[in-house]
Amino acid sequence: MAAGDDPGVTMLSDLASAGDAIARTSSKSEKVRILAQFLAVTDETELAQAARYFGGGVFPAGDHRTLQVGGAAFSAVLRAVSGADDATIRAAWRRHSDTGDVTGELLARADGRETAPISIRDLGREFAEIASARVAKERNAQLSALLGRVTPDEARYIAKLITGELRIGLREGLVEEAIAIAFGAPSDAVSRAVMLTGDLGEAALLARAGRLDDAAPHWFVPLRSMLATPVADAGEAVARLGKDVWVEDKYDGIRCQLHRRGSDTALYSRDLKNISAQFPEITAAAVHLHADVMLDGEILAFHDGRVMPFHALQTRLGRVSPDAEVMAAVPVIYVAWDVLRVDDEVLIDHPLRERRARLEALLVPHPLALAHLERVHGEAEIDRRFEDARARLNEGLLLKQPESPYTPGRRGLNWLKLKRPLDTLDVVVVGAEWGHGKRRGVLSDVTFAVRVDDTDDLATIGKAYTGLTDVEIAEMTALLLEITIADHGHYRTVEPRIVLEIAFDAVQFSARHKSGFALRFPRIARWRHDKAPTDIDTLSRVRDLANAIEHERVQLVDQTGA
Ligand code: AMP
């Protein structure tokens with residue numbers, strides 16, 4: 001039976017019509033209503049796919065397949081299938097600036113194509129085949145055959161899904177609301193299911209079956225990380241958390257969720273990428289844990305019992321897998337502060353107090369370690385802990401509410417971060433760039449330098465574009481134009497006359513700038529009209545700051561060493 005004859009099948013053209021209707025209205029509630037209506041009548045076998053597609057995804061969460069069709073490959077296939085010449089393609093791009101709309105237009109102009117309707121289920125099969133193609137040629141041939149036989153409207157949505165951008169004004173939250181309305185479920189239960197499973201498709205199926213309470217995290221599908229809210233001081237922390245507060249160092253490494261099940265282990269970064277191959281010593285150690293677990297923590301460079309600065313860890317990043325030399329030069333540890341699941345028990349709703357006890361009971365083997373935890377009472381004790389952390393040149397502290405649940409993806413008020421007051425440097429502006437967006441037409445991005453000790457030489461150390469008011473930016477633009485030495489188009493070299501005070505989080509060694517240093521998160525604290533370029537900070541002060549961070553910073557970790 002042809003797909004279109006089966007009443008239980010939902011066609012891609014239906015999805016496209018619903019998508020277009022959603023795009024046409026700017027009312028969020030109307031968008032949700034249209035999508036809910038569509039999902040409510042979508043066949044069960046296609047519901048998960050449809051929900052995922054409206055979320056802009058193609059495969060389920062944790063499914064590691066990707067289509068691997070880049071922009072250039074897609075354009076080449078489209079050109080061949082549509083037979084359009086360069087001028088036509090350029091004109092279509094000028095009109096739409098959107099791959100989906102360009103695809104729709106070029107195929108609508110193509111003569112003599114025979115089309116046949118395609119169901120959502122069939123499209124799923126086509127995507128699976130494209131993803132499993134071993135070489136680009138095979139992949140392109142499959143895509144070409146697919147685009148060759150679908151209608152322009154269907155092709156428009158296929159292009160949107162391939163590029164991952166639906167552009168119909170639908171955020172994930174609205175898809176969740178639509179699922180809730182379609183199946184008469186509470187929308188917070190749908191959101192929770194999406195948060196736990198990471199998959200709109202699975203949440204839609206659970207909502208349809210009235211089983212949202214069964215939603216649970218899957219092994220090797222990372223949950224989003226719980227985040228911390230900044231506070232100004234201990235007083236504010238106590239006001240939010242109460243007097244009994246748990247305090248941990250704010251480690252400066254990379255956030256990492258560890259999943260271990262039997263002999264399989266995977267590490268996920270904060271943006272949910274699988275980074276296992278970069279840290280083989282951690283995955284190897286995790287196999288020796290006495291239970292299957294999902295842990296939350298941080299990867300740190302660690303040598304001779306001390307945490308090394310972030311820039312040391314950087315040599316381990318961005319490599320597919322490290323060689324023995326790099327592993328020996330920059331050893332790493334995994335510092336865990338939370339456990340989200342042990343065997344079949346999901347712990348995220350249990351209080352931190354209990355999760356920590358479960359974590360300690362795991363007796364993590366080196367190079368796994370536990371975050372050093374102190375249980376403090378009241379403002380004065382937090383202050384003391386904070387002074388200690390500052391003396392150890394730490395970035396700051398994490399303050400946690402011992403009775404709180406783990407809330408994935410939320411910057412809630414149960415985790416607070418208290419940071420060391422920032423250092424600042426006085427620098428001089430040596431270059432400027434035109435800004436973008438609402439900063440178009442002003443020289444808002446400045447490059448700045450410090451003085452090379454006892455000379456007139458300047459060494460660049462960074463760039464900043466935030467911190468000034470619009471009035472100051474306008475004033476500075478006028479001055480920068482006046483003191484321009486060379487105009488390179490988007491960048492201007494300027495006379496070193498404007499002194500700025502720059503705030504930053506840390507100083508790092510870096511080859512990016514002439515000074516040999518770079519600042520983390522630099523922002524303009526003040527325009528120092530009161531200072532002359534001769535008063536600015538020197539390279540040796542920068543070196544002292546960097547060395548202090550390099551040599552004296554101590555972060556505490558507890559190693560249980562099973
Ligand atoms: P932020 O990224 O500024 O929201 O700060 C939160 C980040 O601090 C997390 O993403 C972690 O990578 C990091 N962090 C460092 N130490 C801890 C800790 N003890 N508990 C939780 N997060 C921590």
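In each ligand, atom 1 is the first atom listed, and ligand 1 is the first ligand listed. Predicted, not measured: the structure shown is a model, and the values here were computed from it.
- A donor-acceptor pair is defined here as one N or O able to donate and one able to accept, closer than 3.5 Å; such a pair exists between the side chain of Tyr406 and the backbone of Met226.
- Side chain of Gln257 to main chain of Tyr268: no donor-acceptor pair is present (N/O by atom type, distance under 3.5 Å, no hydrogens or angles).
- A distance-only check finds no donor-acceptor pair linking the side chain of Ser187 to the backbone of Glu177 [under 3.5 Å].
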Distance-only donor-acceptor pairs under 3.5 Å for side chains of residues 431-441, two or more places apart:
residue, atom, partner, partner atom, Å
Glu433, OE2, Lys463, NZ, 2.8
Arg439, NH1, Tyr465, O, 3.2

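- At a heavy-atom cutoff of 4.0 Å, ligand 1 is surrounded by Ala228, Glu248, Asp249, Lys250, Tyr251, Arg255, Arg270, Glu298, Trp337, Leu398, Lys400, Arg411, Trp415, Lys417.
- Every residue two or more places apart in sequence or in another chain that forms a salt bridge (charged side-chain N to carboxylate O under 4.0 Å, His left out) with Arg255 is listed here: Asp296.
- With sequence neighbours excluded, no residue forms a side chain to side chain donor-acceptor pair (under 3.5 Å) with Glu475.
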